[in-house]
Amino acid sequence: MTHLHGKRLPSLGPGRVLATVVGLVAALALGAIGEARAVPAFQPRTVEQPRTVATEQRPTVAADRWTDRPHGFASLDGGTTGGAAGKVVTVTDQAALATYAAAEEPYVIRVAGAIAVEPFGSDIVVTSDKTIIGVGDTGEIVHGELHLNPGTHNVIIRNLTIRDSAIAGNWDCKDTDFDGIQMDTVHHVWVDHNRFSNICDGQLDVRKDSEYVTVSYNRFENNNKTFGLGWTTNVKTQITIDHNWFAHTKQRNPSVDNAAYAHLYNNYLTAQVDPGDPVWTYGNWSRGRTKMVIENSYYQDVQHPYQADATAELVQRGSILRNTTGRHDEWGTAFDPRDFYAYRLDPAAAVPALVRRFSGPQQRIGVTLHVPGDHPTVQAAVDAVPDENSQTVTIAVAPGTYRAKVLIPATKPNIVLEGTGHDRSDTVIVHDTPAEYGGSTGSATVRIAANDVTARNLTFSNDFDEAAVELKGEQALAMKTTGDRIVFEDTAFLGNQDTLMTDSPKLDLISRVYIRDSYIEGDVDFVYGRATTVIERSVIRALSRGSATNNGYITAASTWTGNPYGFLITRSRIVSDAPAGSFHLGRPWHPGGEPEAVAQVLIRDTALPAAIKSSPWTDMGGFSWQDARFAEYRNYGPGAAVTADRPQMSPSEATSHTVADYLEGTDGWAPYAR
């Protein structure tokens, strides 16, 4: 918003900053009540001072089934992050996949659709620092192999289907080596949520002293030689194998030869192929000098469910066996996996249902970039997202205070910006620029110009101290949006004048913003702009500027006259420590005198403090508030009243002024339904 002299109120003394902090603590009596947190409404929350920028949070004991960080052995000795430090790219053909997979620099490579590899059975070489991940459940590698040469490290392969390199009539594949994934003398590899089907040789071969490997939540099906480890006389490999489904496979489920430590838990083996073979149809085999621990797995209709060479060790505990025959070997002490890492054991009885549900490619698995773990700044992570991004990328921001400006340009849609702390106050993005230097847009700490952006569990702040200096342009935005379908959940917006601007690229183009379970503070026009904006289940704090009669204005809408829906504040609480009768609900903003900008604001089902004026709407820039579209409906509290100067919406009108009415547009957008 350009500076208007009529908006400016007298400056305050140094006590203002302390009052703001005290007010924030008081106002946060209305806690976040989003579905993910399930905190009861109006439950007090602890407010902590922002921390300095922190390193990555320690991994939790119970690995999330959807987490982008590996568990087990792949999480040790520096961990496995794949290509998360590099740019995100999407590939749809073999040439692009091969180019990015073999590049020297890190990449997150999203595979969209099926890529048929030519010639049949050929390798796609994967070098270090790569993530290869299927888009939704559509990413497929057909007729080809992902191959990791000796020395390769820090690789993640997730959410893919790798299939159909088998040769009809060649069951043993002795004369070919067409694997699904093959790795030799590598370290730090995570193979997760993939489906392997109908591969000529091994679906997954972990070979020749490979170390720090985790294989989790995969489906191995329709194969002879399924999953093998070894091809070495050394005893070096450390591997975690959990929550995998082996169905319609014959042998190597897995076969583990000369592994230092092999931890298998919560796997599901069933429906073997060729169970009449007395030797080479089997489940798990601890071979050579392997130390193997099996826990809480489920074996159904399996011959030789687990067996061990005389030189190997195998400890089994907690598994369930149904209709199994043959060898059930157990000897030696092996090792205790908890000496290496913490993990969650699901009950063996629950394994079939869990593995059927969660293994293999999943629609919800996507790309996450960590700040500062993968990228040093939020802006660097945003810059790593490709232009015209069509799939969601999550930017996970660790607790800390990030003093920098952030721009999410219009070319980078489908971003989720998420703080990873326990509270939104743990992760703060802040700057201190006023409109005097660069205009109101230039003052914004964060600008979101892209569509389909969600921010949650964060604080956005502009801590310019308007009381400390005398400027013509004291507007200082914490956030400005111009994109469509913007969501803020459990966020805080801290500032004074013009804290939060929700706008659109031009007057007659409608953008929509949904704010839920959040906190907004300011004094003059601190919720303003022309976007259709819903603020629900939130706290709005009107800050006192020390005046006995006029401390400011909550809203300054500039809704296009052709848009029936401007601002809706509903099921929220407005709070203030300003004197009684000293704050306006809003005034109509006509940028540059634009007559087609006619404010529409409805405040309904919301608590109002005594600070609200008895005549809460006022004129602005020569435009009368009575020509705007201001209304209240069923408000309550000491600041609520029904008078001639307070237009009330009728019950019949209110039925068409709901959250859904404001947000659905022509595409049926319904973020509130999540």
Side-chain angles (χ1 to χ4, degrees), residues 63-72 74 82 109-116 131-146 155-166 179-182 189-199 202-206 213-227 239-250 252-254 264-273 283-284 296-300 302 344 346 348 350-368 391-392:
D64 185 345
R65 301 187 202 279
W66 312 110
T67 180
D68 68 304
R69 294 305 203 206
H71 53 281
I109 305 165
R110 300 187 294 196
V111 177
I115 295 178
T131 296
I132 303 179
I133 183 169
V135 173
D137 56 4
T138 70
E140 296 189 335
I141 308 297
V142 185
H143 308 153
E145 172 185 310
L146 298 178
V155 172
I156 295 173
I157 301 173
R158 299 189 80 195
N159 218 45
L160 290 170
T161 291
I162 302 175
R163 62 175 175 86
D164 294 337
S165 63
D179 294 333
I181 301 174
Q182 184 182 111
V189 177
W190 184 30
V191 179
D192 177 70
H193 278 99
N194 301 290
R195 180 173 75 92
F196 299 86
S197 181
N198 200 33
I199 305 297
Q203 295 189 330
L204 174 60
D205 278 2
V206 179
V213 180
T214 295
V215 178
S216 54
Y217 290 96
N218 300 284
R219 294 189 178 193
F220 297 93
E221 59 190 33
N222 306 321
N223 224 69
N224 178 11
K225 303 171 185 176
T226 307
F227 176 10
I239 190 164
T240 302
I241 303 167
D242 69 281
H243 293 90
N244 299 285
W245 186 3
F246 299 84
H248 307 289
T249 59
K250 176 174 168 60
R252 302 183 185 174
N253 298 296
L264 287 65
Y265 67 94
N266 289 146
N267 296 296
Y268 180 35
L269 284 73
T270 185
Q272 280 181 321
V273 175
N284 310 140
N296 288 26
S297 290
Y298 198 104
Y299 302 84
Q300 184 172 3
V302 176
R344 172 182 60 200
D346 289 312
V351 164
L354 285 172
V355 169
R356 282 194 295 263
R357 177 181 178 188
F358 293 114
S359 66
Q362 305 285 320
Q363 280 279 355
R364 66 177 292 178
I365 289 178
V367 172
T368 300
Q391 302 294 326
T392 299

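Sequential numbering from 1 along the given sequence is applied to the chain's residues. Heavy-atom basis, side chains included; hydrogens, waters and symmetry copies ignored.
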Which of parallel (below 30°), tilted (30 to 60°) and perpendicular (above 60°) describes [X] and [Y]?
X	Y	value
Phe220	Phe227	parallel
His71	Trp190	perpendicular
Trp66	His193	parallel

Smallest separation among heavy atoms of [X] and [Y], with atom names:
X	Y	answer
Ala116	His143	CB-ND1, 4.5 Å
Ser165	Gly144	CB-N, 4.5 Å
Ala348	Ser297	CB-O, 3.8 Å

(request) Among Asn244, Val302, Val351, find the residue that satisfies the side-chain contact (heavy atoms from CB on, under 4.5 Å) test when tested with Leu269. (result) Val302

Distance check, rounded to the nearest 0.5 Å: [X] atom [atom1] versus [Y] atom [atom2]?
X	Y	atom1	atom2	value
Asn218	Thr226	CG	OG1	12.5 Å
Ile199	Asn222	CD1	CG	10.0 Å
Ile241	Leu264	CD1	CG	4.0 Å
Leu354	Asp346	CG	CG	5.0 Å
Asn194	Thr161	CG	OG1	8.0 Å
Leu160	Ile181	CG	CD1	7.5 Å

Given side chains that start at C-beta, do those of [X] and [Y] come closer than 4.5 Å, heavy atoms only?
X	Y	result
Tyr217	Ile365	no
Gln362	Arg65	no
Asp68	Arg158	yes
Asn284	Pro254	yes
Val111	Ile132	yes

(request) Report the C-alpha distance between His243 and Tyr268 in whole Å, list the side-chain angles of each, state the deciding distance to 0.1 Å, and finish with yes or no for ring pair (Phe, Tyr, Trp, His ring centres under 6.0 Å). (result) CA-CA 7 Å; His243 293 90; Tyr268 180 35; over 10 Å; no

Give a yes or no answer on whether the side chain of [X] reaches the backbone of [Y] with a donor-acceptor pair at less than 3.5 Å.
X	Y	result
Asn159	Gly136	yes
Arg110	Val367	no
Thr240	Thr214	no
Gln203	Glu221	yes
Asp192	Pro70	no
Arg252	Lys225	no

(request) Please report the C-alpha distance between Asn296 and Tyr265 in whole Å, then the side-chain angles of each, then the deciding distance to 0.1 Å, and finally whether the side chain to side chain contact (heavy atoms under 4.5 Å, CB included) criterion is met. (result) CA-CA 6 Å; Asn296 288 26; Tyr265 67 94; 5.6 Å; no

(request) Can you tell me which residue pairs pass the salt bridge (Lys or Arg N to Asp or Glu O under 4.0 Å) test with a partner in residues 132-141, sequence neighbours excluded? (result) Glu140-Arg163

(message) For Asn267 and Val355: C-alpha separation, side-chain torsions, deciding distance, then whether side chain to side chain contact (heavy atoms under 4.5 Å, CB included) applies.
(response) CA-CA 8 Å; Asn267 296 296; Val355 169; over 6 Å; no

(request) Determine, stepwise, if the pair Thr270 / Tyr298 fulfils side chain to side chain contact (heavy atoms under 4.5 Å, CB included). (result) CA-CA 8 Å; Thr270 185; Tyr298 198 104; over 6 Å; no

(request) Indicate whether the side chain of Asp242 and that of Asn266 have a donor and an acceptor atom separated by less than 3.5 Å. (result) no

